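The model shown is predicted, which means the values in this text are computed figures rather than measured ones. No hydrogens, no waters, no symmetry mates; every other heavy atom, side chains included, goes into these values. Proteins get letters first, then strands, A, B, ... in listed order; numbering begins at 1 in each.
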2 protein chains.
Amino acid sequence: MTTALHTTAATQACCAPLVAAPLDPQDAEALARTLKALADPTRLRLLSLVAAHEGGEACVCDLTDPVGLSQPTVSHHLKVLVDAGLLTRDKRGVWAYYALVPGALDAVAAVLGTQLRR
Amino acid sequence: MTTALHTTAATQACCAPLVAAPLDPQDAEALARTLKALADPTRLRLLSLVAAHEGGEACVCDLTDPVGLSQPTVSHHLKVLVDAGLLTRDKRGVWAYYALVPGALDAVAAVLGTQLRR
DNA sequence: CGCAGACATCGACGATCGTCAATATCGACA
DNA sequence: TGTCGATATTGACGATCGTCGATGTCTGCG
């Protein structure tokens with residue numbers, strides 16, 4: 001119950017574009033959970049590091065050095081991003097490879113942006 | 001020095017689309033500050049309430065009831081959103097009218113989204 | 001089997017956050 | 001001038017967060 005996975009919020013757009021109509025409390029809570037996962041400089045850097053890495057995936061050992069934090073801390077941030085539905089984890093052998101969930105960031109962007117379209 | 005205004009982060013896109021190249025620490029910090037302002041269910045509801053209100057603006061008295069929180073708490077959340085460059089405050093007479101900063105949310109969306117464009 | 005290495009989990013710490021009641025500030029109006 | 005009403009600020013509280021060191025888990029290899 002601590003950090004209930006909510007693979008929903010990011011992958012599927014939760015609601016109308018935010019500016020169109022008042023968000024009901026449930027949608028607001030869901031969106032806020034996803035944004036809370038994004039609202040940390042380290043996690044933003046991890047996302048972009050993963051995305052920019054060759055093959056679109058990276059293991060913890062690739063990330064722990066660029067961000068300059070301890071391995072447990074990096075693992076913790078990655079878990080937050082996975083639980084938020086923004087990253088996938090693929091454990092191959094000893095290594096765990098993280099990659100962006102294809103439409104996740106775009107779904108968040110779509111809810112936030114409005115007069116951008118058209 | 002507590003919550004230094006950073007009218008920059010939201011209004012002007014801070015950086016490349018996040019997925020293109022590794023975010024440098026400064027840009028990550030700036031983006032995270034803006035996202036942190038958004039990462040609260042009450043503030044998301046306040047944003048959409050303001051946007052959906054007639055004339056695109058609303059005063060505190062219009063908002064304190066729909067969100068069901070005390071007036072000081074609502075004022076505090078509005079201040080956070082103003083400091084983040086997402087809302088403007090226009091005090092006319094006794095009332096303070098809040099409105100969306102035109103391109104702010106779209107700027108955030110543009111940094112987050114990528115394969116959305118085109 | 002036993003060791004080494006990659007990663008996850010645990011427990012703890014200071015720091016920040018969301019909320020409230022109490023109080024201060026400021027404009028309108030009699 | 002003095003009062004009322006709308007909003008902002010202050011101080012305090014419990015809760016959550018980011019970080020670490022220590023430790024647990026699992027895989028590959030000799």
Where the side chain of [X] is concerned, which of [options] is the nearest nucleotide?
{"X": "A:Pro72", "options": "C:dA28, C:dG5, C:dA8", "answer": "C:dA8"}
{"X": "B:Leu69", "options": "C:dT19, D:dG18, D:dA8", "answer": "C:dT19"}
{"X": "B:Lys79", "options": "D:dT9, C:dC7, D:dA6", "answer": "D:dT9"}
{"X": "A:Thr42", "options": "C:dC7, C:dA6, D:dT19", "answer": "D:dT19"}
{"X": "A:Trp95", "options": "D:dT7, D:dC20, C:dA6", "answer": "C:dA6"}
{"X": "A:Cys59", "options": "D:dT7, C:dC7, C:dA8", "answer": "C:dC7"}
{"X": "B:Ser75", "options": "D:dT7, C:dC7, C:dC20", "answer": "D:dT7"}
{"X": "A:Arg89", "options": "C:dC7, D:dG18, C:dA8", "answer": "C:dA8"}

So, is the end of the A:Arg92 side chain (NZ or CZ) under 6.0 Å from the ring centre of A:Tyr97 and within 45° of the ring's axis? yes

Touch check for B:Arg92, heavy atoms < 4.0 angstrom, all strands: base, sugar-phosphate only, or nothing? nothing

Just to be sure I understand the rule, does A:Tyr98 reach a base, reach only the sugar-phosphate, or reach nothing, if contact means heavy atoms closer than 4.0 Å? sugar-phosphate

Distance in angstrom units between [X] [atom1] and [N] [atom2], rounded:
{"X": "B:Leu44", "N": "C:dC17", "atom1": "CG", "atom2": "P", "answer": "16 Å"}
{"X": "B:Asp83", "N": "C:dC17", "atom1": "CG", "atom2": "P", "answer": "12 Å"}
{"X": "A:Asp90", "N": "C:dC7", "atom1": "CG", "atom2": "C1'", "answer": "14 Å"}
{"X": "B:Leu63", "N": "D:dA6", "atom1": "CG", "atom2": "P", "answer": "14 Å"}
{"X": "A:Asp62", "N": "C:dA6", "atom1": "CG", "atom2": "C1'", "answer": "12 Å"}
{"X": "A:His76", "N": "C:dC13", "atom1": "NE2", "atom2": "P", "answer": "18 Å"}
{"X": "A:Arg45", "N": "D:dG18", "atom1": "CZ", "atom2": "P", "answer": "15 Å"}
{"X": "A:Leu87", "N": "C:dC7", "atom1": "CG", "atom2": "C1'", "answer": "16 Å"}

Comparing B:Lys91 and A:His77 on DNA chain D - which has the more 5′ nearest nucleotide: B:Lys91

With side-chain contact (heavy atoms from CB on, under 4.5 Å) as the test, pick out the partner of A:Leu46 among A:Thr64, A:Leu63, A:Val80, A:Leu69. A:Leu63

When you check the phosphate oxygens OP1 and OP2 of D:dC20, does a side-chain N or O of A:Thr73 lie under 4.0 Å from one of them? yes

Is any N or O donor-acceptor pair between the side chain of A:Gln71 and the base of C:dA8 shorter than 3.5 Å? yes

Excluding sequence neighbours, so at least two apart, what forms side-chain contact (heavy atoms from CB on, under 4.5 Å) with B:Pro41? A:Ala28, A:Glu29, A:Ala32

Assign each of A:Lys36 and A:Leu78 to its nearest nucleotide of DNA chain C by heavy atoms, then name whichever residue's nucleotide is nearer the 5' end. A:Leu78

Check the pair B:Leu44, A:Leu35 against side chain to side chain contact (heavy atoms under 4.5 Å, CB included), reporting the backbone distance first and the verdict last. CA-CA 10 Å; B:Leu44 289 174; A:Leu35 288 172; 4.0 Å; yes

Got A:Cys59 and A:Tyr98 here, is their nearest side-chain heavy-atom distance under 4.5 Å? no

Under 4.5 Å between any side-chain heavy atoms of A:Leu47 and A:Leu38, yes or no? yes

